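Everything on this sheet refers to the single structure shown next.
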Amino acid sequence: MCISRITGHRQTKSFIQDRIPQKECQQKTETKWNLRTEWSPKMDLNEKIEKILEKVQKAPRYTGGEMNTTVKKWEECPLHFGFCFPDTYEVGMSHLGMKILYGLINREKWSLCERFFMPWTDMISLMEEEDLPLLSMESRHPLNAFDVVGFTLQYEMSFSNILAMLKMGGVPVESKDRNENDPIVVAGGPCAFNPEPLADFIDAFMIGDGEDVMTELNRVILERKEKGLSRETCLKNLAKLEGVYVPALYNVEYLEDGKIASVKPNCPEAPESVRKRVVTDLNNTYYPEELPVPYTEIVFDRIMLEIMRGCTRGCRFCQAGILYRPVRERSMEKLLDLAEKLQRSTGYEEISLSSLSSGDYSCLPELIRELMKRMKDKRVSISLPSLRIDSVLKESLEETQQVKKTSLTFAPEAGTQRMRDVINKGVTEEDLLEKVKDAFEGGWSSVKLYFMSGLPTETTEDLDGIADLARKVIAEYFNVPKTQRAKGLRVTVSVSVFVPKPFTPFQWAAQDTVETVIRKQEHLKEVLNIKGVTFHWHEPYVSFLEACFARGDRRMGAVLKRAWEKGCILDGWNETFRFETWMEAFRECGIDPSFYANRKRDKDEILPWDHIDCGVTKAFLWHEKEKSERAETTKDCRKGCNGCGLQRWKGVCTYANAGRI
Ligand code: SF4
């Protein structure tokens, strides 16, 4: 069969066959296949894969072989790393972190990295029918043939997919059931900062920036393999690495009221507190010069150029703003060099300048100007995905617009100034309207406005403020002379449900109940019934579950397992999310979800993530919480250090160390 019919690209059957080391795969499965005993070494893997690819909805999700992917010889690499993105191919392939670590691991002679994604439901059924395990995109080895299985934890709603992928890949789902032949299962990413809900399933978590710790971790696991060390010894060795948390080496005690009494290490190798890893010099840190280019449409199909890491603004709802501190910039020279190499190696026609707050990059206009100069002939456009209102420079807008006009996104987050001060957004209505005016005068006609509802201290007035702001934005458009403005005004107002997250000043806050969220959304639908405005809102049930996991403890692991056993997977997708089944799982485990989502915490309560050290102190976060209650703002720490706690770590934060305290 020619699979070009499916992929839309010229790939043939032999292309797939060449990349299936069938003999080896069979040998591995004979010794390591634990759960699927029915897997036969005599099976015709090629035939089965072909049969499935003919029937499945989107075959390019599973074919592999994309440009710039790496297929190393299995037997020549002593260490095999299976990198799992616990969501579909389209989502996973849009994630920059995965591409960085994929390149980083494959760069080492002694290690290979292959990708795994969560199959869609149609593929899962077909795999079951054909008795196929979860296979890697590159060499088609099953997950349990790898020495390390690594998950990236980007959002809580992907947790059930982790269990599903382990099971489909023949890896025992719970750490306690893994034996000496099983892979070490690791995880990193923002959700690893509260690792407790996944403590039963993940052997070791990497906390913080992954670039340095990834290689160190792989070396420890390679040592296990080469010296035949026990799983227990290997885990203890991993716990000695800075930034690695091994949950099995900690005991958690609970009080009668369900709160945590203590979290204590149970062996000398495990530190009392696990300090996050920080890469201090981005210019000398690995960044891929080639990115895999998918054969199918994905969520972000463009070059992602990370211009800086971290954010100094201090928005009080924003977890990433705390977790990724301090701010570190890549130099302009480095970025220009990377942009050219990446464009050449991928052929992409769009470069996205990515970071938490790209408008804050210190040489943004110069960078855009120089990029435009170098890319203009190639018709490559430059986009800025994350602009803050007060940092959108008119000049930058004009520069980026030269090649392609896209919709402009602003995130005022709240409708009134009082509420923007509560969350320390640090922008005013005048800021927004001025920038919107600049955009309309510059020929833009499509604006997206992002808000949150359910923030602490929110009132009806704050909700009405969202509609007022949308009206004022429309008025700005009509203030621009007809001859100067572009046709087709579009204002999209998107309101998400606030989810209190660990390591933020709102980590002690209660989330609105689902009923309150629905009531507020009904109110917003009424007040936003404005000509020219499209209103989008978020599913309240998903946000509720997200809140349970975001601030969950180890006991949430039982709920997760129960829900997955009852069929919950792909929870981030409307068509597969089963809220009622989740609630049944909570009931069957005797756990009240509102204990996690809708409860205020006291100052002295031990929080499930207190033994993880993200650099910012609990005292600073509490101080910020108190300021928020008085609607007092805190300045951007580039203007002077606010003493968040990172200043204690020598040489880590340039702004603190510049003596601006
Ligand atoms: S140490 Fe100071 S300058 Fe650095 S991130 Fe914290 S508050 Fe900002």
Side-chain angles (χ1 to χ4, degrees), residues 189-190 192-194 207-213 242-243 273-285 306-331 354-364 386 388-391 411 413 420-427 501-508 607 609-610 612-661:
F193 278 84
N194 176 19
I207 314 291
D209 295 331
E211 286 97 335
D212 295 338
V213 70
E242 188 180 63
S273 167
V274 178
R275 175 176 153 161
K276 80 167 177 189
R277 294 298 288 263
V278 182
V279 167
T280 47
D281 180 3
L282 285 192
N283 287 323
N284 289 310
T285 296
E306 188 197 32
I307 60 175
M308 61 183 211
R309 207 171 283 181
C311 176
T312 48
R313 298 284 183 158
C315 297
R316 292 181 178 130
F317 58 85
C318 179
Q319 187 189 38
I322 298 290
L323 300 185
Y324 295 111
R325 282 183 185 212
V327 160
R328 292 142 288 163
E329 293 191 354
R330 276 201 169 82
S331 71
S354 140
S355 79
L356 287 175
S357 180
S358 297
D360 289 340
Y361 181 71
S362 54
C363 321
L364 187 68
S386 56
R388 288 179 51 96
I389 297 163
D390 53 348
S391 61
E413 310 290 2
R420 283 192 292 273
D421 290 343
V422 166
I423 62 175
N424 202 43
K425 189 63 193 177
V427 293
K501 295 273 178 158
F503 296 109
T504 66
F506 295 150
Q507 66 180 356
W508 293 274
L607 303 173
W609 51 91
D610 276 354
I612 304 295
D613 184 359
C614 79
V616 176
T617 58
K618 206 172 171 183
F620 174 80
L621 295 173
W622 182 263
H623 181 57
E624 281 294 295
K625 172 203 175 284
E626 288 184 321
K627 283 176 86 176
S628 82
E629 285 158 2
R630 300 190 294 269
E632 271 178 35
T633 58
T634 299
K635 65 183 179 302
D636 180 332
C637 59
R638 285 197 204 211
K639 295 179 184 151
C641 178
N642 293 309
C644 72
L646 261 186
Q647 72 281 2
R648 299 165 301 151
W649 296 4
K650 258 193 151 184
V652 167
C653 180
T654 331
Y655 296 97
N657 296 320
R660 296 194 206 168
I661 302 177

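The model shown is predicted, which means the values in this text are computed figures rather than measured ones. Atoms within each ligand, like the ligands themselves, are counted from 1 in listed order.
- The CG atom of Asp360 lies 9.0 Å from the CD atom of Glu329; values are rounded to the nearest 0.5 Å.
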Identify all side-chain donor-acceptor contacts of residues 318-327 below 3.5 Å with residues at least two apart in sequence or on another chain.
unit_1	atom_1	unit_2	atom_2	d
Gln319	NE2	Pro502	O	3.3
Arg325	NE	Gly321	O	3.3

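- Between Glu211 and Arg328 there is no salt bridge, since none of the side-chain N atoms of the basic residue sits less than 4.0 Å from a carboxylate O of the acidic one.
- Under the rule for a salt bridge (charged side-chain N to carboxylate O under 4.0 Å, His left out), the partners of Asp636 that lie at least two apart in sequence or sit in another chain are Arg313.
- For Thr634, the side-chain hydrogen bond (donor to acceptor under 3.5 Å, both in side chains) criterion is met by Arg316, Glu624, Lys627, not counting sequence neighbours.
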### Query
Is there a salt bridge (charged side-chain N to carboxylate O under 4.0 Å, His left out) between Arg275 and Glu242 once you walk through the steps?
CA-CA 6 Å; Arg275 175 176 153 161; Glu242 188 180 63; 3.7 Å; yes
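- Only protein atoms were considered; those of element N, O or S under 2.8 Å from atom 8 (Fe) of ligand 1 number 1.
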